[in-house]
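These notes concern the structure reproduced below.
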Amino acid sequence: MNKKESRWALSFMGIGLIAQWLNKLIFQGSEPWDWILLGVASLTLVCMITVLTRSLRRQRSESWQERSQVSPKSRPVEPPSE
């Protein structure tokens, strides 16, 4: 993950933690707040999966680009077929 994605993910995690703290201390588990908390947690989960998927796909793409830039001299020589 790059810095921008890390900040994005941490901000969503922070929002989720604040929402849980508010639910426990201030609202004391009232039902409408529970549904809001569930929505925030679901949104956070979707965002985290999206960030993880993007970073993994970018790493895979960079890996394939590096493999395609390997010079022919560094590739193993195949024996001639008879």
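The analysis underlying the following values was restricted to heavy atoms, covering all of them including side chains, and did not include hydrogens, waters or symmetry mates.
- Within the model, atoms OG of S61 and CD of E66 stand 10.0 Å from one another, a figure rounded to the nearest 0.5 Å.
- Atom CD of Q65 and atom CD of E62 lie 7.0 Å apart (nearest 0.5 Å).
- Residue T50 is tested with L52, V46, T53 for a side-chain contact (heavy atoms from CB on, under 4.5 Å); the sole match is V46.
- Residues forming a side-chain contact (heavy atoms from CB on, under 4.5 Å) with L43 (at least two apart in sequence, or on another chain): F12, C47.
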